[in-house]
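This report concerns only the one structure given below.
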Protein chains: 2
Amino acid sequence: MAALAGVSPGAVSKVFNGTGRISEATAERIRDAARKLSWRPNAAAIALRTARAQAIGLVLSSDSKVPGVGAGNMDFISGIESVLSPREYGLLLNVFISGQHDEHHFYRTLAERQRMDGIILTNSMVGDTRPELMTQLGLPAVLVGTPWKPGAIEYVDADPPGAGIAETVDHLVELGHERIAYVSGPKDFVLPVQRREAFVQRLAEHGRQPHAVVSVEYSPARAAEETTALLAAPVRPTAILYGTDTMAIAGMRTLQAAGLRVPDDISVVGFEGLTLGEWIDPPLTTVQRFAFQRGRAAAAKVLTLLGETVEEPVPLERPALVVRGSTGPAPR
Amino acid sequence: MAALAGVSPGAVSKVFNGTGRISEATAERIRDAARKLSWRPNAAAIALRTARAQAIGLVLSSDSKVPGVGAGNMDFISGIESVLSPREYGLLLNVFISGQHDEHHFYRTLAERQRMDGIILTNSMVGDTRPELMTQLGLPAVLVGTPWKPGAIEYVDADPPGAGIAETVDHLVELGHERIAYVSGPKDFVLPVQRREAFVQRLAEHGRQPHAVVSVEYSPARAAEETTALLAAPVRPTAILYGTDTMAIAGMRTLQAAGLRVPDDISVVGFEGLTLGEWIDPPLTTVQRFAFQRGRAAAAKVLTLLGETVEEPVPLERPALVVRGSTGPAPR
DNA sequence: TTGTATGCGTTATCAG
DNA sequence: CTGATAACGCATACAA
């Protein structure tokens with residue numbers, strides 16, 4: 001570019017980075033030439049010279065049994081992009097397939113390639129070794145969720161321990177429910193573990209005990225199975241919380257197939273706030289999360305770690321109980 | 001690295017690229033050193049030198065009204081990654097927000113930054129100008145879907161014009177349905193337009209006419225509205241096809257709320273094959289698509305365009321009708 | 001077979 | 001204030 005514009009490459013750099021001193025005359029001349037040639041600074045050259053890739057990585061986890069990654073992730077990604085793209089940062093997506101990839105090797109490769117300046121990690125796990133790994137690799141990282149071990153990694157806590165659970169329990173207790181069960185997500189993830197604990201604790205504060213608590217993988221089929229098991233027991237629950245909306249919907253279907261009416265015979269609560277929840281019968285009472293905001297917050301945090309100045313202190317809305325039709329007074 | 005290993009930089013390059021001739025002895029020595037230093041070729045330097053970013057871009061569209069991008073995209077992304085990542089290609093995600101971004105400027109910037117060697121475009125549109133734009137920008141592109149104008153762009157046709165529609169119509173006709181309505185997706189997208197046409201045509205082949213055909217945006221709320229309108233008419237349909245599963249579920253809920261039984265009074269068919277469809281009441285009859293495969297095929301095609309040799313000719317499974325509980329014999 | 005030099009498009013440093 | 005110049009880490013053509 002420089003040559004074509006008849007100026008020195010250094011001058012061009014100064015103009016496009018606002019650095020150094022340059023006369024307005026030549027600056028304008030350079031901008032003109034750039035426009036005419038529709039020239040843009042070459043990303044690779046910048047990356048090489050500054051040792052900054054101008055991109056951040058995102059690792060989404062997936063199970064080898066289920067190649068797809070959770071649907072809620074799309075809003076999350078949009079949120080990330082909404083703060084990255086205005087700053088000309090790229091988003092590098094990586095799908096980690098547990099069982100197929102070796103975690104250590106996977107992240108090490110990511111770091112050594114130096115294609116990303118920072119990384120966003122999801123799915124905080126019990127006994128997670130990634131925080132230490134990332135510091136060891138020297139790759140600025142932000143975990144989305146509550147870290148298993150505090151202090152080991154920067155994080156964005158969109159779901160403060162047990163968020164929404166207390167409200168849910170209160171809501172059900174108020175409705176007179178005595179036997180509340182919880183079909184939770186897998187216990188190797190931090191989020192469901194915390195929600196379980198918060199569930200038990202809040203119930204205790206009401207002087208009660210959970211009717212039952214089980215942990216299963218995030219799967220509608222498994223949720224349905226556990227629901228059936230719950231119904232087979234001599235004493236049935238009057239309300240069931242589920243780890244996700246999808247599980248709740250599958251559970252609700254199972255209940256209805258067994259001849260129970262929701263919410264007259266039994267109440268159901270989900271977790272996520274899928275739009276679809278409004279369109280099933282009855283509409284699903286759930287804890288609404290805010291994936292887009294979560295993404296924004298995570299991206300803002302990474303950029304901050306990189307020394308980028310992110311003015312707006314992206315607010316994180318706390319997950320909130322949305323009461324719809326699947327919860328009602330306890331039977332009898 | 002070269003210096004540290006006590007060899008020439010050229011030698012290192014040869015070893016890691018399999019190019020040029022080098023003795024196995026020194027090659028091994030270099031590999032050893034690399035392992036010890038846990039050294040990897042620097043992506044930026046390679047990109048600069050070879051003028052190849054070793055990354056491909058993906059543009060997901062989103063509406064400014066709805067920041068999120070469709071949920072089905074996650075499997076699609078996993079599919080792309082599954083062919084990109086083994087070849088050390090990165091996936092650069094970009095969210096295009098219609099109404100907020102200027103299309104021309106958006107893609108031009110993407111191309112000029114040279115961060116991606118090729119690009120995957122989604123949401124084929126009626127009157128799409130992107131094919132011409134991409135050739136003009138010189139950025140190898142693959143469109144996922146049927147192009148509006150043939151020949152202007154490479155594409156991967158996961159949904160050959162009207163796929164699944166004929167089977168659906170046949171299925172309903174066999175069940176004795178005379179009045180079939182179609183609540184289709186927006187008419188600025190190629191896919192819904194083609195499905196509409198296929199619908200009308202197949203019906204014609206059976207010597208029939210559609211009961212009604214409407215195009216609305218992809219939204220459960222709009223689907224519900226149109227369903228209500230359909231019910232308000234003097235003559236009601238006995239079956240309704242919807243543009244997506246989500247729309248179908250919302251529509252079904254509307255029908256049930258109006259006192260109609262599905263499928264006894266009216267049949268419902270969706271499009272996509274969401275797992276959740278199995279867990280509603282009644283389970284949704286739908287046209288199953290294969291997002292993961294679609295992603296794989298798209299990625300393979302882009303790489304081929306770049307001169308990369310992709311051995312496996314990623315197969316594309318044709319969308320197929322999955323009959324579940326929401327369709328049944330026509331009433332009376 | 002191996003080592004060396006040059007350049008990719010920037011940024012940063014320095015002399016003009 | 002401006003223009004030349006040396007890296008950044010690699011690939012490649014060429015010399016040894």
Side-chain angles (χ1 to χ4, degrees), chain A residues 1-55 88-90 109 111-117 138 306-308, chain B residues 1-34 36-55 88-90 109-117 138 306-308:
Chain A
M1 148 76 185
L4 303 177
V7 296
S8 75
V12 178
S13 173
K14 281 173 197 161
V15 171
F16 272 78
N17 295 304
T19 164
R21 243 154 274 286
I22 203 146
S23 73
E24 192 45 46
T26 40
E28 191 46 51
R29 195 153 51 87
I30 288 172
R31 272 191 287 267
D32 255 20
R35 223 166 302 146
K36 277 205 198 73
L37 301 163
S38 78
W39 171 94
R40 303 256 174 178
N42 177 290
I46 295 178
L48 177 59
R49 176 64 231 223
T50 65
R52 297 207 136 211
Q54 287 282 82
E88 311 237 38
Y89 267 81
T109 306
E112 286 168 355
R113 287 235 151 236
Q114 306 171 61
R115 297 175 72 128
M116 47 191 76
D117 303 321
L306 299 180
E308 215 81 18
Chain B
M1 147 77 185
L4 303 177
V7 296
S8 74
V12 178
S13 173
K14 282 174 195 158
V15 172
F16 273 79
N17 296 303
T19 165
R21 246 153 273 286
I22 203 146
S23 74
E24 191 46 45
T26 39
E28 192 45 51
R29 195 151 52 88
I30 289 172
R31 271 191 287 268
D32 255 18
K36 277 205 198 74
L37 300 163
S38 79
W39 171 93
R40 304 255 174 180
N42 177 290
I46 295 178
L48 178 59
R49 172 66 229 221
T50 64
R52 298 207 135 210
Q54 288 281 83
E88 311 237 40
Y89 267 80
T109 305
L110 249 39
E112 286 170 354
R113 288 238 150 232
Q114 306 171 59
R115 296 175 72 129
M116 47 190 76
D117 303 320
L306 299 181
E308 215 81 19

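Because the structure is predicted, anything quoted here is derived from the model rather than measured. Every chain is numbered from 1, with letters handed out A, B, ... down the list of sequences.
Atom C1' of nucleotide C:dG9 and atom CG of B:L48 are separated by 6 Å, given to the nearest angstrom. Between the P atom of D:dG9 and the CG atom of B:N17 lies a distance of 17 Å, rounded to the nearest Å. Between A:R49 atom CZ and C:dA12 atom C1' the separation is 5 Å, expressed in whole Å. Whole-Å rounding puts the A:I30 CD1 to C:dT10 P distance at 12 Å. The separation between A:F16 atom CZ and C:dG9 atom P is 16 Å, rounded to whole Å. The distance from atom CD of B:Q54 to atom P of D:dC10 is 14 Å, rounded to the nearest whole Å. The CD atom of A:E112 sits 15 Å away from the P atom of D:dG9 (whole-angstrom rounding). One interatomic measurement links the two molecules: CZ of A:R40 to P of C:dT10, which rounds to 12 Å at whole-angstrom precision.
Closest contact between the side chain of B:I46 and the listed nucleotides D:dA11, C:dT2, C:dG9 involves D:dA11. Taking the side chain of B:K14 as heavy atoms from C-beta on, and the options C:dT2, D:dC10, D:dG3, the nearest nucleotide is C:dT2. The side chain of A:A45 lies closest to C:dT10 when the candidates are D:dG3, C:dT1, C:dT10. With distances taken from any side-chain atom of A:W39 to the nucleotides C:dC8, C:dT11, C:dT10, the minimum falls on C:dT10.
Remark: A:D117 CG to A:T50 OG1 distance equals 7.5 Å, nearest 0.5 Å. The CZ atom of A:R31 sits 5.0 Å away from atom CD of A:E24, with the distance rounded to the nearest 0.5 Å. In this structure, CD on A:E112 lies 6.5 Å from OG1 on A:T109, to the nearest 0.5 angstrom. Expressed to the nearest 0.5 Å, how far CE of A:M116 lies from OH of A:Y89 amounts to 13.5 Å. In this structure, CD in A:Q54 is found 6.5 Å from CZ in B:R115, a value given to the nearest 0.5 Å.
Nearest-nucleotide positions on DNA chain C place B:A27 closer to the 5' end than the other of B:A27 and B:T50.
Distances shown here put every side-chain N or O of B:S13 at or beyond 4.0 Å from the OP1 or OP2 atom of D:dT12.
Using a 4.0 Å heavy-atom criterion, one finds that A:R52 contacts no nucleic acid atom at all.
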